[in-house]
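Residue indices begin at 1 and follow the sequence shown. The structure presented is a predicted model; accordingly, all values stated were derived computationally and were not measured.
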Amino acid sequence: MSDNNDDIDLALDDIFAEPPRPSTPKPTFAVYTRQNSKLNGWSQIKIRLVGTHPLWGNYLWNAARAFASYLDENPELYQNRSVLELGAGGGLPSIVAAKNGAQQVVITDYPDDELVENMSHNVEANIPIQERSHISVQGYVWGRPVDSLLSIVKNATPGFDLIILSDLIFNHSQHDALLTTCESAISLKLNKQPPPSVLVFYTHHRPHLAHRDMLFFTKARERGWICEEILTEIFPPMFPKDSGEEIVRSTVHGWRLLRIS
């Protein structure tokens, strides 16, 4: 072997060259503007979204916008009450409730550092520091024990008066886990007016699987919930090139779930 070979670099990166890895997309921002200009106080909420994420936290979904407007128009559901949001993503509905007088707001999503940090950022960006003591951000896995969530609630009766599920039921394998958490976390003080409830807003993003989305409510009824549709609202489709009837993919549905006993 020639001595000239002594200068050859045999590093694996040179032998098996790979294309450079794409940089992680930067966070994006979305603005929610209050629809009712006659309401006092704030006018907009700016939500930061993670650049990309396998759990879809990088979108401000139409259901979240519809949720924010609905909560803004119906403050009696949460003012001076406790609120829990599951799978919050950017946390827009929770932030609306917090800004409009909720007594306690717990904002949760999967315990991923990036998601949790992003929810915390949105709280800090939209809620003055002197008003944040009633807001908590936590990582939480659906279906797991809710002790860490209930420990935050300062009500005499444990449990949340309002639970927010925004665009979650397309995740069909998690229906039972979501319902388990709602059953464990909802306040049992049923004589309150309005009574404690779970609000479920969603879009059929895959029209051919709409029947599977709706199984969430079938399971809920079997487990002792009263389920009623309370809202439909049409938005521009989030992904215009997706397959399926556009009007189905453009419509946000809102449902209220109440416990029978």
Side-chain angles (χ1 to χ4, degrees), residues 36 39-41 63-64 66-88 91-108 123 127 131-138 140 142-169 175-202 216-231 252-261:
N36 189 344
L39 295 172
N40 295 324
F67 229 133
S69 296
Y70 185 83
L71 293 176
D72 218 9
E73 296 290 341
N74 296 275
E76 70 280 358
L77 296 174
Y78 55 85
Q79 281 185 340
N80 300 313
R81 292 178 158 207
S82 55
V83 177
L84 168 67
E85 182 170 5
L86 302 177
L92 174 60
S94 294
I95 291 172
V96 170
K99 291 177 77 68
N100 284 354
Q103 182 183 61
Q104 189 75 46
V105 179
V106 181
I107 309 172
T108 72
V123 170
I127 306 292
E131 299 175 13
R132 292 180 205 154
S133 61
H134 67 298
I135 305 170
S136 175
V137 175
Q138 287 199 20
Y140 173 73
W142 306 334
R144 300 283 179 85
V146 298
D147 296 352
S148 64
L149 307 179
L150 293 176
S151 66
I152 301 170
V153 182
K154 298 175 182 178
N155 294 343
T157 303
F160 291 89
D161 299 305
L162 176 64
I163 300 179
I164 295 170
L165 276 59
S166 181
D167 231 338
L168 304 183
I169 65 171
H175 286 178
D176 285 314
L178 282 168
L179 288 166
T180 293
T181 292
C182 290
E183 290 159 5
S184 300
I186 195 76
S187 171
L188 297 179
K189 200 167 183 179
L190 303 180
N191 60 344
K192 282 187 176 182
Q193 292 301 322
S197 63
V198 178
L199 294 184
V200 184
F201 281 38
Y202 63 92
F216 176 85
F217 302 104
T218 300
K219 288 185 175 183
R221 290 186 179 99
E222 291 172 349
R223 295 171 68 140
W225 294 88
I226 297 172
C227 306
E228 58 175 342
E229 189 166 14
I230 57 174
L231 172 144
V252 173
H253 303 266
W255 286 61
R256 178 186 294 118
L257 275 61
L258 301 171
R259 291 298 284 171
I260 298 173
S261 60

Inset, instruction - Just jot down the side chain to side chain contact (heavy atoms under 4.5 Å, CB included) partners of Ile152, sequence neighbours excluded, or say none. - result: Gln104, Val106, Ser136, Gln138

Inset, instruction - Look at atom CZ of Arg221 and say whether more than 12 heavy atoms of other residues, nucleotides or ligands are closer to it than 6.0 Å. - result: yes

Inset, instruction - Just jot down the ring-ring contact (aromatic ring centres under 6.0 Å, His included) partners of His175, sequence neighbours excluded, or say none. - result: His172, Phe216

Inset, instruction - For Pro194, enumerate each residue passing the side chain to side chain contact (heavy atoms under 4.5 Å, CB included) test, keeping only those at least two apart in sequence or located in another chain. - result: Glu76, Leu77, Arg81

Legend entry - CD1 on Ile226 to CZ on Arg259, rounded to 0.5 Å: 10.0 Å

Legend entry - OG on Ser69 to CG on Leu231, rounded to 0.5 Å: 9.0 Å

Inset, instruction - Could you pull out all residues at least two apart from Leu168 that satisfy side chain to side chain contact (heavy atoms under 4.5 Å, CB included)? - result: Leu86, Trp142, Leu165, Leu178

Legend entry - Donor-acceptor pair, side chain of Gln79 and main chain of Asn100, under 3.5 angstrom: yes

Inset, instruction - Evaluate the side-chain proximity of Ile169 to Trp255: yes if any heavy-atom separation is below 4.5 Å, no if none is. - result: no

Legend entry - Asp161 side, atom CG; Lys192 side, atom NZ - distance, nearest 0.5 Å: 3.5 Å

Inset, instruction - Taking the side chain as every heavy atom from C-beta outward, state whether Leu257 and Ile163 have any pair of such atoms under 4.5 Å apart. - result: no

Inset, instruction - State which residues pass side chain to side chain contact (heavy atoms under 4.5 Å, CB included) with Thr218; sequence neighbours excluded, sorted by chain then number. - result: Leu215, Glu222

Legend entry - Partners meeting salt bridge (Lys or Arg N to Asp or Glu O under 4.0 Å) with Glu228 (sequence neighbours left out): Arg256

Inset, instruction - List in chain and number order the residues that pass salt bridge (Lys or Arg N to Asp or Glu O under 4.0 Å) with Arg223, two or more places apart in sequence or in another chain; answer none if no residue qualifies. - result: Asp176, Glu183

Legend entry - side-chain hydrogen bond (donor to acceptor under 3.5 Å, both in side chains) against Thr181, all qualifying residues, sequence neighbours excluded: Tyr140

Inset, instruction - Identify, with sequence neighbours excluded, every residue that meets salt bridge (Lys or Arg N to Asp or Glu O under 4.0 Å) alongside Asp167. - result: none

Inset, instruction - May I ask you to test the Val123-Val105 pair for a side-chain heavy-atom distance under 4.5 Å? - result: no

Legend entry - Pairing residues for Tyr70 by the ring-ring contact (aromatic ring centres under 6.0 Å, His included) criterion, not counting sequence neighbours: Phe201

Legend entry - Close side-chain approach of Phe160 to Leu150, heavy-atom, < 4.5 Å: yes

Inset, instruction - Apply side-chain hydrogen bond (donor to acceptor under 3.5 Å, both in side chains) to Ser94 and list each qualifying residue two or more places apart in sequence or on a separate chain. - result: Glu85

